[in-house]
Amino acid sequence: MLLRRLPSTAVSLATAALSRRSTSYLLSSQRRLQSFNSISFYPTLSFRSFCSTSEISPEFTDLITDQSSKRGPLKPGLYLVGTPIGNLEDITLRALRVLKTADVILSEDTRHSGKLLHYYNIKTPLLSYHKYNESQREHKVLKRLKQGEIVALISDAGMPGISDPGTELAKICVDENIPVIPIPGPSAFLTALSASGLSTDEFTFVGFLPKHAGSRKERLIASASETTTQIFYVPPHKLGQFLEESSLIFGDSRQCVIARELTKIHEEFWRGTLGTAKEAFSTRQPKGEITLLIEGNSNSSVETPSESQLENDLRELISNGHSLSSAVKLVAEGTSMKKKTIYSLALRKFVKKT
């Protein structure tokens, strides 16, 4: 790798020397690229040479654009561009090319995204696009797309449309036969899953839980019975609530992983049971976005709930607007008991005899 050929003292050089080394290295990389064109290979450019500056050298993005242009111009359409989830170096060369050559970049938070563009010397104009103005922006964006423009869509972090704005716009473009092109990039839940130590053969990405307590319980009940690894996004200020509610439904002994501040300086992976996590974080308020993973249900025999527990679960669901049959189905999914048995209990407890 080219990275290994760099002198180890590069990081301690003065800013002026760094700039000269960066330019020299980029020119050297450009010459190497000419011999790699036949296999369409990009050089591995080291970011160590830029570590003492607040932005990447302009020659870097110019080199990307120059080499990428040999592949031909980008076709018009909506580009869903994955962006770093914390570390600005976690971005692909293809993503940089799209962001640099797009006519406009739709951004969830223009101030936040502006830091990324500034770091890579990208001057493409930003247009705010978030859940509060999606419907107002759609007509304007569609007009530009139909006129043949290249529109890039980014979120604050990760892939657009995954627990972030972008899904509705992509649907509309598909319906209007406008090309939708994904530019793969970082994803918090896949990053956490890969290093979690839990099963990766099958998993269920749940994302953020509903705000309503009844709806949250429904989702947790459904997840608790699944044999696949369950993945949630949890705001830091709601971690205590999540652990309290999930431990009651999954059980205190279920293994979990709490991944925090992924790819950042204070990245942390906490591993243990839900019961232990509830105690550990009862007096500790973590900072940063959290991806929480819970192992799948591996027990062939699940503890049979008491009649009073079933009755309480049914009552809560019915009081939240579920029909009797819907409540029975949800409760049955979270237990080892037959649906017929729970339905008989529901008829006895909640259907008045005439």
Side-chain angles (χ1 to χ4, degrees), residues 131 161-164 167-168 188-189 192-193 198-199 202-259 273-275 277-278 281 289-351:
K131 64 180 181 180
I162 309 300
S163 292
D164 276 321
T167 302
E168 291 305 316
F189 81 85
L193 177 64
L198 300 179
S199 174
E202 290 185 276
F203 59 87
T204 300
F205 173 64
V206 180
F208 292 103
L209 288 176
K211 293 182 179 180
H212 190 270
S215 299
R216 283 201 309 275
K217 185 171 184 178
E218 291 173 32
R219 178 60 252 188
L220 290 173
I221 288 174
S223 289
S225 63
E226 293 191 28
T227 58
T228 60
T229 301
Q230 302 294 297
I231 309 174
F232 304 87
Y233 283 160
V234 182
H237 64 281
K238 291 188 176 181
L239 178 60
Q241 178 191 72
F242 180 93
L243 293 172
E244 187 70 37
E245 294 177 349
S246 61
S247 62
L248 288 173
I249 296 171
F250 285 80
D252 284 341
S253 61
R254 193 80 72 95
Q255 291 291 320
C256 72
V257 176
I258 299 174
T273 65
L274 283 171
K278 184 171 60 174
F281 290 93
E289 294 302 317
I290 293 170
T291 303
L292 199 149
L293 307 91
I294 304 177
E295 71 172 339
N297 188 352
S298 59
N299 295 326
S300 57
S301 59
V302 182
E303 182 181 349
T304 303
S306 66
E307 185 173 298
S308 61
Q309 287 177 311
L310 293 172
E311 183 180 347
N312 288 336
D313 290 342
L314 288 167
R315 179 177 288 105
E316 183 173 348
L317 290 170
I318 292 171
S319 65
N320 287 326
H322 285 274
S323 64
L324 188 70
S325 59
S326 174
V328 168
K329 180 181 178 181
L330 287 168
V331 172
E333 288 176 350
T335 72
S336 60
M337 295 183 67
K338 293 182 178 180
K339 182 178 176 181
K340 184 178 180 180
T341 303
I342 299 174
Y343 190 71
S344 297
L345 172 65
L347 289 176
R348 285 192 286 111
K349 297 295 183 178
F350 300 102
V351 178

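Since this is a predicted model, take the numbers as computed values, not measurements.
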According to side-chain hydrogen bond (donor to acceptor under 3.5 Å, both in side chains), who are the partners of [X], at least two apart in sequence or on a separate chain?
{"X": "Gln230", "answer": "Thr204, Ser223, Glu226, Thr228"}
{"X": "Glu168", "answer": "none"}
{"X": "Ser323", "answer": "Ser325"}

Is the side chain of [X] donor-acceptor paired with the backbone N or O of [Y] at a distance under 3.5 Å, no angle test?
{"X": "Ser215", "Y": "Lys211", "value": "no"}
{"X": "Arg254", "Y": "Ala224", "value": "yes"}
{"X": "Thr229", "Y": "Ser199", "value": "yes"}

Any side-chain heavy atom of [X] sitting closer than 4.5 Å to one from [Y]?
{"X": "Ile290", "Y": "Ile258", "value": "yes"}
{"X": "Val328", "Y": "Leu317", "value": "no"}
{"X": "Phe203", "Y": "Leu198", "value": "no"}
{"X": "Phe232", "Y": "Thr291", "value": "no"}
{"X": "Thr273", "Y": "Asp252", "value": "no"}
{"X": "His322", "Y": "Lys329", "value": "no"}

Under 3.5 Å, side-chain donor or acceptor atoms of residues 238-245 against the rest of the protein: list the pairs with distances, not counting sequence neighbours.
from   : atom 1 : to     : atom 2 : distance (Å)
Glu245 : OE1    : Arg216 : NE     : 2.9
Glu245 : OE2    : Arg216 : NE     : 3.4
Glu245 : OE2    : Arg216 : NH2    : 2.7

What closest approach, in Å, do [X] and [Y] show between heavy atoms, and which atom pair accounts for it?
{"X": "Ile342", "Y": "Ala332", "value": "CD1-CA, 3.5 Å"}
{"X": "Ala192", "Y": "Leu293", "value": "CB-CD1, 3.9 Å"}
{"X": "Ala277", "Y": "Cys256", "value": "CB-SG, 4.1 Å"}
{"X": "Gly251", "Y": "Leu274", "value": "O-CD1, 3.7 Å"}

All ring-ring contact (aromatic ring centres under 6.0 Å, His included) counterparts of Phe350, not counting sequence neighbours: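 ring-ring contact (aromatic ring centres under 6.0 Å, His included) check on Phe350 returns nothing, list empty.
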
Can you name the ring-ring contact (aromatic ring centres under 6.0 Å, His included) partners of Phe189, sequence neighbours left out?
->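 Phe205.
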
Return the [atom1] to [atom2] distance between [X] and [Y], rounded to the nearest 0.5 Å.
{"X": "Glu311", "Y": "Arg315", "atom1": "CD", "atom2": "CZ", "value": "4.5 Å"}
{"X": "Ser326", "Y": "Leu314", "atom1": "OG", "atom2": "CG", "value": "10.5 Å"}
{"X": "Leu310", "Y": "Lys349", "atom1": "CG", "atom2": "NZ", "value": "10.5 Å"}
{"X": "Thr167", "Y": "Lys131", "atom1": "OG1", "atom2": "NZ", "value": "13.0 Å"}

With Lys217, which of Asp313, Asn320, Leu330 fulfils side chain to side chain contact (heavy atoms under 4.5 Å, CB included)?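 For Lys217, the side chain to side chain contact (heavy atoms under 4.5 Å, CB included) check succeeds only for Asp313.
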
